[in-house]
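Whatever order the structure lists ligands and atoms in, that order sets their numbers, starting from 1. Starting from 1, each residue takes its place in the sequence as its number. Scope of the values below: all heavy atoms of this structure, side chains included, with no hydrogens, waters or symmetry mates. No experiment lies behind these values; they were computed from the predicted model shown.
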Amino acid sequence: CGQCVQACPVGALTEKMAKGRGRTWEMKKVTTTCTYCGVGCQLELNVKDGKVVKVTSTHEIPGPNNGSLCVKGRFGYDFIDHSDRLRVPLIKEDGAFREASWDEALDLVARRFGEIKAQSGPDSLAFFASARCTNEENYLMNKFARAVIGTNNVDHCARLCHASTVAGLAASFGSGAMTNSIDELENTDVILVTGSNTTEMHPVFGSAIKRAVKSGRTKLIVVDGRKIDLVDHAEMWLRHKPGSDVAWLNGMMHVIIEENLYAGEYVAERTEGFEDLKRVVASYTPEKVEKISGIPKDDLIAAARLYAKAPAASIIYAMGVTQHINGTDGVKSVANLAMLCGNIGIESGGVNPLRGQNNVQGACDMGALPIVYSGYQAVASAEMRQKMAAAWAVPALPDKTGLTIVETINAAAEGKIRSLFIMGENPMMSDPDQHHVEEGLKKLEFLVVQDIFLTETAGLADVVLPAACFAEKEGTFTSTERRVQLLRKAVEAPGEARSDWEILCDLATRMGYPMKYACAEAIFAEVAAVTPSYAGMDYSRLVNGGLQWPCPSKDHPGTKFLHKDKFVRGKGLFAAIEWIPPAELPDGDYPFLLTTGRVLYHYHTGTMTRRSVGLNERYPECLVEISREDAEKLKIKNGEMVRVTSRRGTMEAKATVGDMTEAGVIFIPFHFSEAAVNKLTIAALDPVAKIPDLKVCAVKVEKAA
Ligand code: SF4
């Protein structure tokens, strides 16, 4: 992580990447927010001669990281100045791109969007916003789709990671966000981590967990199918089968209710639905749960007791819980367990979903979702539609529920969506069942992609618009703990690339809806005016460490933890949920269970980290994790090429043999386009959140010839 370099008081250790690129005193330091994961670390971009030459951080900068950074935040900055950056707009002609002026490209986009809208109606177009872009840009994308085009077909990749969190926690508590704050962890009595490889995905947060355990106060329970790093720090590790979350959570609640360890007074006063929950979990005996989940019954009982007896216990989870066909049920079950033990609405307790991308929380907050405007104000409400129509100066706004990401791709494949505008997303790599995604995107009559690199998705576009990256623009990101923090411009964008918000404004104006803002701050002022949870914020209040929403007025200090005294929805709602098996499980033809995820050195679809020399040196290629037992049976040695095949596709990569996964399970990261695991995954959806099951499908594994 380079923390040793940061700490070295005499300069004996220096960054290899910054060597020879300038003296410390020659560099201008620009404090900004990390562009990678949702922790929202504050860092300093060190700039010399218009280039970022180093990243540093100090304890003096207020922020969630107290001066720490992980390897991506500290060393993953060389993509900014990479020669592959898009510099001018591109228009495809006869199957090949040619360079174009902004006027030509935007006039073409405005004309084609206008024609398609006139011929087939506004719902024949769709828009993907981006968890990588700022709040201001996501707000404008939601406004562009709804006010300029007239459709609610706007979504972003939260659909693929935490849509089930938004749906599940909103149903249980009335708010779909992380309930507590990062710095509360160190006073927690028990931390239960499940479906989150925290030290790799959210490394600075992972360090906070390790510090809490090291203090001697906090006990750690890890429930994970893989032997992740946190297992070495845990009091208990329950190795469960992917897809069995609802079962083991019901099992823990069964034990807690049977042994009368639950918070009776809290349950009676602050919640509803307890009797239904009690009835359903009654059948989830530890013996039954052991059969479903593989967790030994005595371990389940011990973990239930440890969690229930803690004065304050925090549950931390991520995509291991959410990316299933019953992801929303899994999230509601997590909420059930926390409420049962009185852990919501208290300091150092809570349910804490860790957001994967830097601004996935913000993109959701800004209404880049098909059913809500910013601040989760429902599109279905006539009152909200009138409010937003008045704010945006349009006669009316659409009331039809929009399409989600996966539904948009399906509709494109069926010819129902004719045009798609993608800002800063790469569905060719991130979405399940890649062949189907490609089929959908190729069927579109007009695809526009706005990005910083010519991604796999941009390669299929009719028009590509070059965008500025995080270091080249102003704005705000909202971190996983609901903290809205400033992004500050450090360097100029390459060539003619422009900020996403400037491009959206220019396009809207060309389509007859004048959208003019002097700067990102002016957009944020509009966000605050129409979004109750952001109403008390402005840039001057965000300068020192940001503010956590809800922040309803100018004198409000922001909210450290949610649901104090009262849940946002009034009473917390228990959901009585039966476990259902994943859509596809191993069988005779496809005997292995494939689960997917990320690794420490890479990020999402790899467009940035795979262009970072240092990160690539550490993890240069896709590796298939396989257990020793299975490797021995299949005669596969460490480092040998294997072929992995599902009912949807096939891929090859090197095997890494070890004890991270148990027999019968393999793990493959999804960052590598040359070994794209999403060729294999299944597009089966959670019926509520429409999130695909990226964590379980059946495959066969063989030695590649
Ligand atoms: Fe950036 Fe996340 Fe690493 Fe912090 S933990 S430096 S936010 S990638």
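Note: Phe453 and His82 have perpendicular aromatic rings, judged against thresholds of 30 and 60 degrees for the angle between ring planes. Aromatic ring orientation, His604 versus Phe670: perpendicular (interplanar angle above 60°, classes split at 30° and 60°).
Taking backbone and side-chain atoms together, Cys37 has an N/O/S atom less than 2.8 Å away from atom 2 (Fe) of ligand 1. At a cut-off of 2.8 Å, Cys41 does not coordinate atom 3 (Fe) of ligand 1 through any N, O or S atom.
Using a 3.5 Å distance cut-off with no hydrogens or angles, the side chains of Asp183 and Ser181 do not pair a donor with an acceptor. With hydrogens and angles left out, the side-chain atoms of Asp78 and Ser612 include a donor and acceptor closer than 3.5 Å.
Less than 4.0 angstrom separates some heavy atom of Tyr36 from each of these atoms of ligand 1: 8 (S). Less than 4.0 angstrom separates some heavy atom of Gly40 from each of these atoms of ligand 1: 7 (S). Less than 4.0 angstrom separates some heavy atom of Val204 from each of these atoms of ligand 1: 4 (Fe), 5 (S).
With distances taken over non-hydrogen atoms, the option nearest atom 1 (Fe) of ligand 1 out of Cys70, Gly63, Cys34 is Cys34.
Salt-bridge formation is not detected for the pair Glu44/Lys54: no Lys NZ or Arg NE/NH1/NH2 atom is positioned less than 4.0 Å from an Asp or Glu carboxylate oxygen.
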